[in-house]
Protein chains: 2
Amino acid sequence: MVGLHDVAKLAGVSKSTVSRVMNNEYGVKKSTKEKVQKAIEQCGYVANQVARDLKSNKTHLIGVIVPRIASNATAGGLDGLSPVIELADKHVLLANSDQDNIKEIEYIKRFNQKRVEGILLYATHLDSALVDAIKQSDAPVVLVGQDGSLFNIPSLIYDDISVGFTAGKRLIDAGATNIGFIGVNSQDIAVDQCRYQGLTQYLQHAKQTSPLFHSRGEFSIESGFQQTKQLLIDWPKLDGLFCATDRIAIGALKAIAESKKIAGKDIKVLGVGNDELSQVCSPSLSTFNYAFDLTGKKAAQMLLELIHNKQSEVSKMVMGFESIERESC
Amino acid sequence: MVGLHDVAKLAGVSKSTVSRVMNNEYGVKKSTKEKVQKAIEQCGYVANQVARDLKSNKTHLIGVIVPRIASNATAGGLDGLSPVIELADKHVLLANSDQDNIKEIEYIKRFNQKRVEGILLYATHLDSALVDAIKQSDAPVVLVGQDGSLFNIPSLIYDDISVGFTAGKRLIDAGATNIGFIGVNSQDIAVDQCRYQGLTQYLQHAKQTSPLFHSRGEFSIESGFQQTKQLLIDWPKLDGLFCATDRIAIGALKAIAESKKIAGKDIKVLGVGNDELSQVCSPSLSTFNYAFDLTGKKAAQMLLELIHNKQSEVSKMVMGFESIERESC
DNA sequence: TTGAAAGCGGTACCAC
DNA sequence: GTGGTACCGCTTTCAA
């Protein structure tokens with residue numbers, strides 16, 4: 001591969017001069033500049049950014065770690081954050097942890113070796129090993145989706161307790177009295193714990209009751225379907241169901257339909273996320289809208305600020321949500 | 001930031017020795033090794049990959065350019081390709097071209113500066129400027145979604161003509177005789193042109209007729225809805241509709257429902273992509289399944305091979321598809 | 001206005 | 001076994 005040296009030889013000047021031309025610096029005679037530019041053209045010289053990065057001690061790299069790509073939260077987030085990063089003249093180094101806690105930590109280390117300038121971590125859990133890894137990271141880390149502020153980790157989270165609380169209100173207002181919750185796994189504080197907690201708080205507050213159950217499964221339609229099939233048998237009086245995600249809720253809708261009950265009438269159902277699926281299914285799903293792309297954008301902005309100032313002005317940012325009224329509740 | 005030099009000083013050895021320990025090389029006395037490792041621990045040394053990359057002239061970087069993330073083809077593709085790239089001990093440098101032709105070319109150049117080892121390009125078009133940029137690229141490029149084999153660009157494509165052909169057959173077999181097509185924009189050879197061409201071929205072949213129309217819009221539900229609303233007025237005899245994507249088809253379904261016709265009975269509708277939406281909507285959408293994640297995996301494998309052998313064994317790979325029978329056709 | 005040379009942080013060859 | 005040193009490709013003083 002042709003380097004600065006080759007161009008210099010070809011143009012009959014020194015490396016320094018070629019470098020100056022490449023970087024548009026002042027103080028190069030017009031004629032030499034043109035000579036050099038011609039030489040650059042001629043041998044198709046492309047500056048080696050790796051060498052530049054080494055010299056300048058800046059890589060312009062932002063590491064982004066996600067549990068998987070094909071999810072609304074992450075795909076939308078990536079679409080939101082990428083323009084911000086591009087505008088800051090940086091690049092996205094993407095890692096798919098595939099929901100694997102070990103890999104998450106592994107990537108934080110690898111990214112530090114790669115000398116990324118910052119890391120955006122989409123998390124589905126937050127244990128002490130992960131906290132440690134984040135603390136060890138030289139590059140600043142912004143956590144998305146889980147609250148790390150207790151550990152002094154700048155975080156961008158959704159107002160999950162509030163969503164649960166509001167869900168309780170919506171279900172009660174719609175006339176439900178026997179309300180259950182389907183979550184994911186207990187390690188996911190935000191999605192499983194907080195949403196349940198919020199629901200519980202409202203039921204206590206308004207009716208001095210508690211949710212009938214806290215079932216758990218995966219983030220899938222199928223999982224929602226299977227769980228609900230059983231839950232309908234176990235809890236015949238169930239008339240309100242809050243599902244931690246829209247996909248779970250859509251599975252629930254299907255199970256309810258099969259049981260000859262009518263979702264939205266016999267059983268009110270609520271999801272979270274405003275997945276596109278929720279407006280297409282029938283009955284259409286009442287849910288909560290999260291602005292995933294905006295979250296990605298804000299997270300990127302927060303990280304960039306952190307990179308510049310070495311200290312964040314905001315240590316925790318809570319994203320709002322919007323109630324979406326449809327047929328199921 | 002602490003470097004090899006600092007560790008060496010702290011351990012009272014030379015840089016070379018520290019380097020040997022870092023790379024687990026033979027021929028280091030056990031005691032020195034331990035001494036060095038302690039020093040590494042002590043000052044929290046993390047190898048600078050940028051320097052290594054410069055020295056070894058390898059970045060372990062694979063550039064991936066996509067038109068946007070939040071689409072089944074790209075999100076699924078990314079989930080498919082990332083494990084392959086990880087297994088090859090490389091990283092994904094992600095760029096979102098946001099459907100912008102200029103940016104696509106820009107990123108190919110930037111990636112070459114970054115000295116990526118190869119580029120995966122998810123394309124929605126292929127004009128001569130893009131072909132040139134690919135030709136100029138030092139890093140090998142694999143094209144996904146458009147056929148660049150005529151220009152000697154290794155490509156991974158879907159069998160779009162065949163899909164169109166099969167769509168024709170499915171619609172005719174279901175009893176449709178007045179068949180229309182909704183595509184995207186004419187620059188998208190694969191999605192717009194090929195699928196239409198295949199449909200046309202079957203209609204010619206089986207009935208010596210042609211599609212009633214070739215309408216065009218965007219990749220969205222709304223666009224499908226708006227177009228279909230008008231098309232139903234313009235073509236009252238329409239009884240078969242092939243849509244270039246599932247989202248367009250779902251919009252069409254909605255327009256048909258509003259017109260008091262029954263999709264699947266009065267008008268047979270077919271989409272492409274087997275979007276999750278298509279099994280949730282009602283009537284559920286008959287479509288074609290594309291294995292997006294497998295495509296990503298294959299594309300990554302093809303690129304890795306190209307990187308190793310400097311020459312591809314396969315210059316073009318055509319992914320198959322699967323007919324999905326549901327209610328709409 | 002231009003060139004020589006040091007150095008970014010490693011690796012690898014060659015001596016000792 | 002270990003240390004010295006050249007070098008990867010560029011930027012950036014410092015002199016000329």
Side-chain angles (χ1 to χ4, degrees), chain A residues 1-40 43-61 89 109-117 138-139, chain B residues 1-40 43-61 110-117 138-139:
Chain A
M1 168 132 298
V2 39
L4 217 43
H5 181 73
D6 309 83
V7 183
K9 238 179 10 192
L10 208 153
V13 296
S14 75
K15 291 198 305 176
S16 328
T17 305
V18 182
S19 173
R20 288 185 185 108
V21 173
M22 280 300 292
N23 297 299
N24 259 310
E25 281 173 26
Y26 288 114
V28 182
K29 214 200 308 179
K30 203 169 171 193
S31 63
T32 3
K33 188 170 178 176
E34 281 163 2
K35 200 168 49 178
V36 171
Q37 279 168 335
K38 201 170 297 172
I40 289 174
C43 57
Y45 170 68
V46 178
N48 185 332
Q49 193 63 42
V50 182
R52 283 178 162 171
D53 288 354
L54 175 61
K55 183 71 182 157
S56 66
N57 202 24
K58 281 181 111 279
T59 58
H60 305 271
L61 243 35
D89 193 34
K109 289 185 184 153
R110 299 258 286 256
F111 279 0
N112 271 285
Q113 294 194 175
K114 275 273 180 203
R115 294 296 191 267
V116 298
E117 298 181 1
D138 242 295
Chain B
M1 168 128 299
V2 39
L4 216 44
H5 182 71
D6 309 83
V7 183
K9 239 179 9 192
L10 208 153
V13 296
S14 75
K15 289 201 305 177
S16 326
T17 304
V18 181
S19 173
R20 287 185 186 109
V21 174
M22 280 301 291
N23 297 298
N24 259 310
E25 282 173 25
Y26 289 114
V28 183
K29 215 200 305 179
K30 206 171 169 189
S31 64
T32 5
K33 189 169 176 176
E34 281 163 4
K35 199 168 51 178
V36 171
Q37 279 168 334
K38 200 169 298 173
I40 289 175
C43 57
Y45 170 68
V46 178
N48 185 333
Q49 193 63 41
V50 182
R52 283 178 164 171
D53 289 353
L54 175 61
K55 181 69 182 167
S56 65
N57 202 24
K58 281 181 112 278
T59 58
H60 306 271
L61 244 35
R110 300 258 288 255
F111 279 0
N112 271 285
Q113 294 194 177
K114 274 275 180 201
R115 294 297 191 266
V116 298
E117 298 182 0
D138 242 296

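Residue numbers begin at 1 in each chain, while the letters A, B, ... track the order of the sequences.
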Roughly how many Å is it from [atom1] in [X] to [atom2] in [N], rounded to a whole number?
X: B:Asn24; N: C:dA12; atom1: CG; atom2: P; value: 14 Å
X: A:Asn57; N: C:dG10; atom1: CG; atom2: C1'; value: 13 Å
X: B:Leu54; N: C:dG9; atom1: CG; atom2: P; value: 12 Å
X: B:Ile40; N: C:dG9; atom1: CD1; atom2: P; value: 16 Å
X: B:Lys33; N: D:dT2; atom1: NZ; atom2: P; value: 11 Å
X: B:Lys58; N: C:dT11; atom1: NZ; atom2: C1'; value: 15 Å
X: B:Met22; N: C:dT11; atom1: CE; atom2: C1'; value: 12 Å

Along DNA chain D (nearest heavy atom to each residue), the more 5'-positioned of B:Ala51 and B:Lys29: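 Result: B:Lys29.
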Search all heavy atoms of [X] against all heavy atoms of [Y] and return the closest pair with its distance.
X: A:Ala39; Y: A:Leu10; value: CB-CD2, 3.9 Å
X: A:Gln37; Y: A:Val21; value: CG-CG1, 3.9 Å
X: A:Ala139; Y: A:Asn112; value: N-OD1, 3.1 Å
X: A:Cys43; Y: A:Val7; value: SG-CG2, 3.8 Å

It should be established whether [X] places a side-chain nitrogen or oxygen under 4.0 Å from OP1 or OP2 of nucleotide [N].
X: A:Tyr26; N: C:dT2; value: no
X: A:Arg52; N: D:dG9; value: no
X: B:Asn48; N: C:dC8; value: no
X: A:Thr17; N: C:dG3; value: yes

Pair of N/O donor and acceptor under 3.5 Å linking [N] base with [X] side chain:
X: B:Ser19; N: C:dA12; value: no
X: B:Ser16; N: D:dG4; value: yes
X: B:Arg115; N: D:dG9; value: no
X: B:Lys15; N: C:dG10; value: yes

Does the side chain of A:Gln113 come within less than 4.5 Å of A:Lys109's, by heavy atoms?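 A side-chain contact is absent here, since even the closest heavy-atom pair is not under 4.5 Å.
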Is there a side-chain contact between A:Ile40 and A:Met22 in this structure, where contact means two heavy atoms from C-beta onward sitting under 4.5 Å apart? yes
Sugar-phosphate only, base, or nothing, as touched by [X] at under 4.0 Å among non-hydrogen atoms:
X: A:Asp53; value: nothing
X: A:Ser56; value: nothing
X: B:Lys55; value: base

Heavy-atom contacts under 4.0 Å between residues 2-13 of chain B and DNA chain C, which residues? B:Gly3, B:Leu4
Identify which nucleotide among C:dT1, D:dT12, C:dC13 has an atom closest to any side-chain atom of B:Arg20, counting heavy atoms from C-beta outward. C:dC13
Counterpart residues, side chain to side chain contact (heavy atoms under 4.5 Å, CB included), relative to A:Ser19 (two or more places apart):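 Per chain and number, A:Ser19 pairs via side chain to side chain contact (heavy atoms under 4.5 Å, CB included) with A:Leu4, A:Asn23.
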Scan residues 48-58 of chain B for pairs that pass salt bridge (Lys or Arg N to Asp or Glu O under 4.0 Å), counting only residues two or more places apart or in two chains.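 Every salt bridge (Lys or Arg N to Asp or Glu O under 4.0 Å) pair that includes a residue of residues 48-58 of chain B, provided the two are not neighbours, is A:Lys114-B:Asp53, B:Lys58-B:Glu117.
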